[in-house]
> 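Got a structure for you, questions after.
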Amino acid sequence: MQIKADLHVHTTYSKDSLITPKDLVHYAKKCGLNAVAVTDHNQLEGAFKIAKETDFLIIPGMEVSSSDGHIVALNVKELIPRGLNATETVKRIHKAGGIAIACHPYASFKGSLKENICETFDAIEIINARAFPFKKSVKKATQTALRFGLSQVAGTDAHYGPQIGYGYTIIEATEPSVEAITKAILEGHCQPFGQPVPFTLNFMQEFKRLERMVKKNQ
Ligand SMILES: [Zn+2]
Ligand SMILES: [Zn+2]
């Protein structure tokens, strides 16, 4: 069966995101997704909590800040520490039962891996809907995926509800479960799709974030 999933979304468990668990499910359903990966910065607890509280298919994960750049870990059973190099981080992800994705590998201003990708990664985020410059990032990521023979995925890197779904992966899985989805990605039964998040939505995200800061300080 085909699963349409946004594999890179931050919730309010990441300090810089505005997406509440309720928003997450609302917008994921609204744009026709069947699953969404929760990939908060250096934490995993929120993802498990959200997965337990909803019947929408949540793929628990995290975005690890390795010393070489950001790495998305999906389906890990334990927290992966930040600050290790890319090779060691990927090793830990595998040990924790998960798959390692080189996210936004060539995007500017994002803590990207650039040339630190190696063949031990399981997949490359070809499309990150908030990568800049967009076209160049997609092209370079595709070349790297082909060079190492890695699976190709996509996600939005959403930090604001209406951004969800601009980047998505179509996965051919045997059933709608986290295990089946990650196995299918590992085997390359997936395809990346998407378009850049419109400027207006990124602007709204910044505006809402400032608004939240002002409210907190009042
Ligand atoms: Zn990142
Ligand atoms: Zn991210």
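In each ligand, atom 1 is the first atom listed, and ligand 1 is the first ligand listed.
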> If you look at E63, which of its N/O/S atoms is nearest to the Zn ion (ligand 1)?
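Atom name of the closest N, O or S in E63: OE2.
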> Is any side-chain heavy atom of I58 less than 4.5 Å from a side-chain heavy atom of V36?
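I58 vs V36: side chains touch.
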> Is it true that some N/O/S atom of H10, main chain or side chain, lies under 2.8 Å from the Zn ion (ligand 2)?
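True for H10.
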> Of all the N, O or S atoms in D157, which one sits nearest to the Zn ion (ligand 2)?
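Looking at D157, the N, O or S atom with the least distance to the Zn ion (ligand 2) is OD1.
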> Tell me which N, O or S atom of H70 sits nearest to the Zn ion (ligand 1).
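Within H70, restricted to N, O or S, the Zn ion (ligand 1) is closest to atom ND1.
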> Does any part of the side chain of E206, heavy atoms only, come nearer than 4.5 Å to the side chain of L210, both counted from C-beta?
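No, their side chains stay 4.5 Å or more apart.
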> Measure the shortest side-chain to side-chain distance between I101 and L150 over non-hydrogen atoms and say whether it is less than 4.5 angstrom.
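I101 vs L150: side chains apart.
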> Does any N, O or S atom in H104 come within less than 2.8 Å of the Zn ion (ligand 2)?
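Looking at H104, which is the residue asked about, there is no N, O or S atom under 2.8 Å from the Zn ion (ligand 2).
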> With side chains defined as the heavy atoms from C-beta onward, is the minimum distance between P176 and M1 less than 4.5 Å?
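Side chain of P176 against side chain of M1, heavy atoms only: contact under 4.5 Å found.
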> Is it true that K52 and E45 have a side-chain N and a carboxylate O under 4.0 angstrom from each other?
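Result for this pair is no, no salt bridge flagged.
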